[in-house]
Protein chains: 2
Amino acid sequence: MTRASGDGTVGKALQVLEEVAALGRPVRFGEVLAASDFPKPTLYRLIQTLSSQGMLDHDPETNTYTPGTRLVRLAHSAWRQSSLAQVARPHLEALSALTGETIHLAKLDSAQVLYLDKCNAEQPVEMYSDAGKVGPAYCTGVGKAMLAFLPEDEAQSLIEQQSFHRFTDHTLTSAEVLTAELTQIRANGYGFDREEHEPTIICVSVPILSQTLRVLGALSVTSTTQRTNLAGLEQHVGDIQKSAQTIAAEAQRWSFPDQVKQQETRI
Amino acid sequence: MTRASGDGTVGKALQVLEEVAALGRPVRFGEVLAASDFPKPTLYRLIQTLSSQGMLDHDPETNTYTPGTRLVRLAHSAWRQSSLAQVARPHLEALSALTGETIHLAKLDSAQVLYLDKCNAEQPVEMYSDAGKVGPAYCTGVGKAMLAFLPEDEAQSLIEQQSFHRFTDHTLTSAEVLTAELTQIRANGYGFDREEHEPTIICVSVPILSQTLRVLGALSVTSTTQRTNLAGLEQHVGDIQKSAQTIAAEAQRWSFPDQVKQQETRI
DNA sequence: AACTAAGTTTCATTAAATGAAACCTTGGAA
DNA sequence: TTCCAAGGTTTCATTTAATGAAACTTAGTT
């Protein structure tokens, strides 16, 4: 059930899509060919298929490809019914108002952290600029909070996949140190980011756990060393834990197909 | 190059993904089976593949599937490098501030309108609630603006695909009336939504055209009959036309792979 | 415990993907 | 304009994967 690199043709097609996305700009066939291991005609037809399916957009003027708008439409649907994001929204807003800080909602995507939402007291969210973003698990508050509450074997497997790149002086750069930290987080029920990913950026984070203690995601309150310190953030622990519990309960309820809500098509 | 329903296995897999997304809630295998034409083992393996690829998320507790978070990550990338959305953002904000009204950015996705962004002067945008949303082309300002500036044959083909469902008393409900309206819009260079989709909701819209007059998207200023009227909206035409031109020029420049920007991974 | 519905696997068959090579097509340069 | 070369597209015999009827296993009843 883990991400396999090659499930038949579908896996290959998605790999191509990922490669185009990774290039981060409109690319020509030849550029994808150079960046990819597929033989020319195979890649050609995969790109044809993806384009014809709207998963890649083709600009006939520059003869370039970009990830397609069908993805945006599908992601809208994914986000909408990701029980977590849907249900968590009002809680993020409440927490943001209560703490005056930035609130993050994230979940695990393979060994990485995927941010689902962000709520900032001051400036309005720049749409899509944060949701969908990925980050490292070993040096972010939300990442560590989730790793700490995973079953031993799963956590171990994900820890092995971390890069342990040193972003700052405070980055935990080995599996051993991280594991010790995770034990601590598990004991406390919450964790910190002590400027481990970006200088001056600190946060306190809690996991969102289902009734069966499965890790659904994580919440964090982020601030800077100019504004506050770890002790200051620690005061919010009660609030975010309560929110995390409520979100988990609501998400669980939402998952059961008892209410068949019609999708809203108007804007 | 138009959306084909079945390009091999990839097309089928995406069809399944679309079906799960359309159900709009966590679904079990059996439900997808009932909603789908695929034989049981085929559908089973397609769902397996999609899950293993992260395009579907599987909840082991309820044994249900939802569109996967990988979509959110890919869409982030798609949105980021959709030259239009990226480039248009500051212009939407400026227009919103200037007019005090809601600004929409949309593009065509097959015969439908896909909203890429929205900017509201008063309340901050609810993330993902609007971007990714689809709407009808024949009864929205942005839809008509785009149809009006399409090549004759393309427009004809898309007009034939419209449902012409009557949403309000003002909805244009036949290809003939719509075609006449489009001629008018083409002559004027801008169009209106006269409460055609939702009562009291009116807007003025312009296409975003490339230098070769290809339709890239559309912009609209939306308001209500309580706040203003068509004549009031018409005053904004000059501003949004200027923005549309600037956006087109910037998007075009952006499309040429001269600047290789590294993707930002921090949050 | 017996039953039923839901989900999963098997395997011979069928269909699709593959890629080396050849073939177009487009945009420069002579 | 003609030629050339790089980028893009098609062919076709071969390989590989997808297919689905039926059989099987599992989970959830009655």
Side-chain angles (χ1 to χ4, degrees), chain A residues 1-20 23 25-53 55-66 212 214 255-258 260, chain B residues 1-20 23 25-53 55-66 211-212 214 252 255-258 260:
Chain A
M1 201 56 87
T2 38
R3 182 79 46 86
S5 48
D7 293 282
T9 319
V10 175
K12 287 170 198 164
L14 291 172
Q15 194 183 322
V16 171
L17 190 56
E18 209 73 60
E19 283 164 355
V20 173
L23 288 167
R25 63 196 153 79
V27 281
R28 306 189 54 157
F29 169 71
E31 299 179 73
V32 188
L33 182 61
S36 162
D37 285 335
F38 295 106
K40 197 161 38 152
T42 300
L43 182 69
Y44 179 73
R45 274 166 317 197
L46 286 172
I47 287 180
Q48 289 282 311
T49 304
L50 288 168
S51 299
S52 132
Q53 291 290 334
M55 301 297 279
L56 283 177
D57 279 349
H58 180 235
D59 181 334
E61 269 165 47
T62 56
N63 204 26
T64 55
Y65 299 88
T66 42
T212 60
R214 200 160 52 86
S255 279
F256 285 96
D258 41 20
V260 185
Chain B
M1 203 56 84
T2 38
R3 182 80 46 86
S5 44
D7 298 276
T9 319
V10 176
K12 287 170 201 166
L14 290 172
Q15 194 182 325
V16 171
L17 190 57
E18 207 73 60
E19 283 165 354
V20 173
L23 288 168
R25 62 195 155 79
V27 280
R28 307 188 48 148
F29 169 70
E31 300 179 74
V32 188
L33 181 61
S36 162
D37 286 334
F38 295 106
K40 198 167 28 157
T42 301
L43 182 68
Y44 179 72
R45 277 166 314 198
L46 286 172
I47 287 179
Q48 290 282 312
T49 303
L50 288 169
S51 298
S52 131
Q53 290 290 332
M55 300 298 279
L56 283 177
D57 278 351
H58 180 236
D59 181 334
E61 269 165 46
T62 57
N63 203 25
T64 54
Y65 298 89
T66 42
Q211 286 166 328
T212 59
R214 201 160 51 89
Q252 210 105 19
S255 279
F256 284 95
D258 40 22
V260 184

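Each chain gets a letter, A, B and so on, in the order the sequences are listed, and its residues count up from 1. Just so you know, these numbers come straight off a predicted model, no measurement behind them.
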Under-4.0 Å side-chain N/O to phosphate OP1/OP2 contact, B:Y44 with C:dG7: no
Strictly below 4.0 Å: does A:R45 bring a side-chain N or O up to OP1 or OP2 of C:dA17? no
Interatomic distance, A:L50 CG vs C:dA17 P [rounded to whole Å]: 12 Å
Here the distance between atom P of C:dA22 and atom NZ of A:K40, to the nearest Å, is 13 Å
Test item: B:D59 and A:R214 side chains (from C-beta on) under 4.5 Å apart, heavy atoms: yes
On a heavy-atom basis, the closest approach of A:L33 and A:F38 is CD1-O, 3.7 Å
Any side-chain heavy atom of B:N63 within less than 4.5 Å of one from B:F29? no
Measuring to OP1 and OP2 of C:dT18, would you say a side-chain N or O of A:K12 lies under 4.0 angstrom away? yes
If you compare all heavy atoms of A:L43 against all heavy atoms of A:V32, which two are closest, and at what distance to 0.1 Å? CD2-C, 3.8 Å
Taking the side chain as everything from C-beta on, heavy atoms only, tell me whether A:V10 gets closer than 4.5 Å to B:L14. no
Please tell me which of A:T9 and A:F29 maps to the more 5' nucleotide of DNA chain D, matching each residue to the nucleotide holding its nearest heavy atom. A:F29
Considering only heavy atoms of chain B and a distance under 4.0 Å, specify the first and last nucleotide of DNA chain D in 5' to 3' order that meet this criterion. D:dA18 to D:dA22
From CG of A:D37 over to C1' of C:dT18, roughly how many Å is that when rounded to an integer? 16 Å
How many whole angstroms separate atom CG of A:L46 from atom C1' of C:dA16? 12 Å
Determine the minimum heavy-atom distance between B:G11 and A:Q53, stating which atoms define it. CA-NE2, 3.4 Å
Base, sugar-phosphate, or nothing: which does B:P41 touch, judged by heavy atoms less than 4.0 Å apart? base
Interatomic distance where CG belongs to A:N63 and P belongs to C:dT25 [whole Å]: 15 Å
